[in-house]
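Step one of this worksheet: look at the structure below.
What you see is a predicted model, and the numbers here were worked out from it, not measured in a lab.
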There are 4 protein chains.
Amino acid sequence: MPRLKEDQLKKIYEERKQQITLAAVRIFAQRGLPGTKISMITAEAGVSHGLFYHYFKTKEELFTSLVREAIETSMKEMDSLSQLTVSPIEKIKILTQGMLDENGAPYFMLLHRARNFEEVPEEVSQLIQQYPVDVYVKLLLPLFEEGQQRGEVADGEAEELIASYLTVLSGVMVLGKGYVTPQVDWLLRFVEKK
Amino acid sequence: MPRLKEDQLKKIYEERKQQITLAAVRIFAQRGLPGTKISMITAEAGVSHGLFYHYFKTKEELFTSLVREAIETSMKEMDSLSQLTVSPIEKIKILTQGMLDENGAPYFMLLHRARNFEEVPEEVSQLIQQYPVDVYVKLLLPLFEEGQQRGEVADGEAEELIASYLTVLSGVMVLGKGYVTPQVDWLLRFVEKK
Amino acid sequence: MPRLKEDQLKKIYEERKQQITLAAVRIFAQRGLPGTKISMITAEAGVSHGLFYHYFKTKEELFTSLVREAIETSMKEMDSLSQLTVSPIEKIKILTQGMLDENGAPYFMLLHRARNFEEVPEEVSQLIQQYPVDVYVKLLLPLFEEGQQRGEVADGEAEELIASYLTVLSGVMVLGKGYVTPQVDWLLRFVEKK
Amino acid sequence: MPRLKEDQLKKIYEERKQQITLAAVRIFAQRGLPGTKISMITAEAGVSHGLFYHYFKTKEELFTSLVREAIETSMKEMDSLSQLTVSPIEKIKILTQGMLDENGAPYFMLLHRARNFEEVPEEVSQLIQQYPVDVYVKLLLPLFEEGQQRGEVADGEAEELIASYLTVLSGVMVLGKGYVTPQVDWLLRFVEKK
DNA sequence: GATGAATGAGTCTTCATTCAT
DNA sequence: GATGAATGAAGACTCATTCAT
């Protein structure tokens, strides 16, 4: 029988896993799947490379689970906008700020990499196909349409407007250091009426 | 006719080199340096992998020379804007169109990869440091200032506006397939006055 | 265009492949799949470990193909007995000699390992299930029945006799060095009448 | 009652050790030394892998001690034949039955593996050299010679006959599942006179 | 005694690069 | 110039072993 309570073991397990996961997100985001070596992740996490395999089956498996997580998180965040009790344009502002947030960036970067570049595991390809940009567009459609009715959001084909705006936001997010991040208010020019 | 023969050989040499280079740009742009295998390049170019080394010393060397070329080309293009005899906002439109041009995209992608991600050869790091985004900003500054004076371009700190716009354009370019590419006129909202 | 004729390349390719294969058979037979390291095979074959992967996809793939080959060869050999124009007991003697033959032993050892021991690739398990000992028994049944009718072969349930004899022969073959190989005439006592 | 407690601990110790040992014999016999992972043994024994190292220093040490045990047991069994008060051929029958006994098989398999295959620890090699098949032959020689004198055992060079018979029995034993185990009476044909 | 987290040596495998032809 | 056989450094992954709890 173990001296350590099951709880304690569980806690250690989850903490270590989280620790490695966080390191992995950062490095995957920066270097991509083929550019990321296990040794980079474990060095960043401060553990031995052997421990990686105590927690994850393969590099690909971890990458895949991170992409899955990123999709879920981004869907949830966009969805949660509808709960807020502010005007549409305010919601769009919040969305914009959220997407430019430093902390979220690595996840978006991951998605970007999964979506466009590189050799990715089959499962990632499938996930990406299941959640094309279009899904986000549909999710945001009511918000933008309401904004148009209220005269807050620029007229025109709402779906294209949303898709274009998401492209811009994603692009900005993906670039990261080396580029100047535009002010939120400037970015909103793309969608504001007049 | 040894002369003729020499010319022919030279021509074949250049053609082959170009053939491999074009393949390399595409694949480097899509997969990055570590994600690109020599075999991918040579397969795409339709030659044996051994031949690669007749034309290039190493994978890194090719990557580096492509980055150098990309920098030169982009500098030249921006510079050439000043020769045109159209209004500032028109020039910015042309710039925008140029950057979104399909053909140019791979080069920009390459630059993007060199600028942000991945392990790159030392020489590439140096090139990138010599040509930060700021250099482009300075290059475009007269154009935007003139635009502001004429009331065509949005007010505000011109350098930040340029840098931000370049971020937006670069971001859009980098995303590629999987995202909706915004229309040029729509993108111009970011810099247009009113 | 290659300087070497396609034939020559093909020849080199086949020779090298054969060279590695032979080394592999010996070592797999002696050490089994998990006991065989790629470095052992390539050292025995006198090539670099990298070359192994020029000719084979994985260690498992090679093992599998060898098992397949072993099955085919053994089936063919038993089948070819029926072509001979000698008495049944003579054929059984030839079979016995053939199975004890040093050269064939590694292949049988391989089959034995695949049949009984060790972790083997899924495909090997399937092959082994498709070709149980029973298949050999059926193949030899006419031969033994004719022998019984002629009074050359011991009476009794022919199928069990064959199966038992194959067990004995396989066992002897599998043991190899460290044990005394029984004389063929002595082994024939198991099946000879009286 | 520290005394009682000590006894109990000792008992638990021995039981656990036995439990792991039994699991190890089975798996070593089936998979060989390199094919056996500590985790397989501990899973089979139903304990954590860490516990293995409370009872054994290394995998090799356990394997070696098992081989030693197998040698001792087999020597003892053959030796005990001479105590019996039955005819030589009866004794040979008992020997045969003993060797085919399911329970003993794993030990013989172990010996077989140690004798022929695989990478074994230096100490095992030495044990095997100290107890070649020849030792068993010498042990059984009086028995077979008596059998020949009585006309129960086939004529001929007794030592070769014994060695050959041991080969046959060992072979049958080693094959295990997948093969038909011959009946004892049928195997005796090999040594019986007539 | 017992557990499982942690480590690192050893293998498998990939792939950039060289080189004989 | 062109090819593909050959090499070996580097990276992914496994697993025996240690050790804190």
Side-chain angles (χ1 to χ4, degrees), chain A residues 1-6 8-13 15-17 34-42 46-61, chain B residues 8-10 12-13 15-17 34 36-42 47-62, chain C residues 1-6 8-10 12-13 15-17 34 36-42 46-61, chain D residues 8-9 12-13 16-17 34 36-42 47-62:
Chain A
M1 254 133 274
R3 281 287 165 74
L4 282 176
K5 309 290 182 302
E6 229 175 72
Q8 286 177 301
L9 280 176
K10 182 96 178 176
K11 191 165 159 250
I12 289 176
Y13 184 90
E15 277 177 7
R16 274 279 181 276
K17 192 161 182 172
T36 297
K37 314 302 173 197
I38 294 292
S39 60
M40 292 173 180
I41 296 176
T42 52
V47 299
S48 70
H49 72 266
L51 196 60
F52 180 92
Y53 294 94
H54 195 66
Y55 293 98
F56 305 99
K57 255 189 15 201
T58 65
K59 190 171 78 159
E60 270 73 20
E61 193 232 42
Chain B
Q8 284 178 321
L9 284 178
K10 179 92 179 180
I12 289 176
Y13 181 90
E15 277 177 7
R16 274 277 192 267
K17 188 161 183 174
T36 297
K37 320 295 171 208
I38 295 292
S39 60
M40 292 174 179
I41 296 176
T42 52
V47 300
S48 72
H49 69 269
L51 196 59
F52 181 91
Y53 293 91
H54 270 280
Y55 295 98
F56 306 99
K57 241 175 47 168
T58 67
K59 189 170 84 156
E60 269 73 20
E61 192 229 47
L62 173 54
Chain C
M1 257 133 272
R3 279 288 164 71
L4 284 174
K5 309 289 183 303
E6 229 176 73
Q8 287 177 298
L9 279 178
K10 182 98 178 175
I12 289 176
Y13 183 90
E15 278 177 7
R16 274 280 180 277
K17 190 161 181 171
T36 298
K37 314 300 173 199
I38 295 291
S39 60
M40 293 173 179
I41 296 176
T42 52
V47 299
S48 71
H49 72 266
L51 197 59
F52 180 92
Y53 294 94
H54 195 65
Y55 292 99
F56 305 99
K57 252 184 21 191
T58 65
K59 190 170 80 157
E60 271 73 21
E61 193 233 41
Chain D
Q8 284 180 319
L9 283 178
I12 289 177
Y13 182 89
R16 274 277 190 265
K17 186 161 183 172
T36 298
K37 320 295 171 210
I38 295 292
S39 61
M40 292 174 178
I41 296 175
T42 51
V47 299
S48 74
H49 69 268
L51 196 58
F52 181 91
Y53 293 92
H54 270 280
Y55 295 99
F56 306 98
K57 238 173 49 167
T58 66
K59 188 170 83 156
E60 270 71 20
E61 192 229 47
L62 173 55

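- Nearest heavy atom pair, residue A:Y55 against residue A:I12, reads OH-O, 4.4 Å.
- Residue-level contact check: C:F56 touches neither bases nor backbone, having no heavy atom under 4.0 Å from any strand.
- Across the interface with DNA chain F, nearest-nucleotide mapping of B:V47 and C:G46 shows B:V47 to be the residue nearer the 5′ end.
- Rounded to an integer number of Å, the gap from CZ of D:F52 to P of F:dC19 is 17 Å.
- Here the side chain of C:E60 is nearest to one of E:dT13, F:dT7, E:dG4, namely E:dT13.
- With sequence neighbours excluded, the residues forming a salt bridge (charged side-chain N to carboxylate O under 4.0 Å, His left out) with A:K11 are A:E15, listed by chain and number.
- The nearest whole Å value for the distance from the NZ atom in C:K17 to the P atom in F:dG4 is 16 Å.
- If you take NE2 on B:H54 and OG on B:S48, they are separated by 8.0 Å, rounding to the nearest 0.5 Å.
- Side-chain nitrogen and oxygen atoms of C:H54 include at least one within less than 4.0 Å of the OP1 or OP2 phosphate oxygen of F:dA5.
- Of the side-chain N and O atoms in A:R16, one or more sit less than 4.0 angstrom from OP1 or OP2 of E:dA6.
- Atom-to-atom, CG of D:L62 to P of F:dA16 comes out at 12 Å; the value is rounded to the nearest Å.
- D:T58 is linked by a side chain to side chain contact (heavy atoms under 4.5 Å, CB included) to D:E60, D:E61, counting only residues two or more places apart in sequence or in another chain.
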Polar atom pairs (N or O), protein with nucleotides 8-11 of chain F, under 3.5 Å:
from: F:dA9; atom 1: N6; to: C:H49; atom 2: NE2; distance (Å): 2.7

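- Considering only side-chain atoms of A:Y53, the nucleotide from F:dA2, F:dG4, F:dT14 that sits closest is F:dT14.
- To the nearest 0.5 Å, atoms CZ (B:F52) and OG (B:S39) are separated by 11.0 Å.
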Which string of ( ) [ ] | and . matches DNA chain F, if you list each base 5' to 3' and count Watson-Crick or G-U pairs only when both distances are under 3.5 Å? .||||||||||||||||||||

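- Within the 4.0 angstrom heavy-atom criterion, only backbone atoms of the sugar-phosphate kind lie near B:Y13; the bases stay farther away.
- Note that the NE2 atom of B:H49 and the CG atom of B:L51 stand 10.5 Å from one another [nearest 0.5 Å].
- A search for side chain to side chain contact (heavy atoms under 4.5 Å, CB included) contacts involving D:Y53 returns D:I38, not counting sequence neighbours.
- The backbone N or O of C:P34 lies less than 3.5 Å from a partner atom in the side chain of C:K37, making a donor-acceptor pair.
- Checking the phosphate oxygens (OP1, OP2) of F:dA2, a side-chain nitrogen or oxygen of B:Y55 falls inside 4.0 Å.
- For C:K57 and E:dC12, the NZ to P distance is 18 Å, given to the nearest whole Å.
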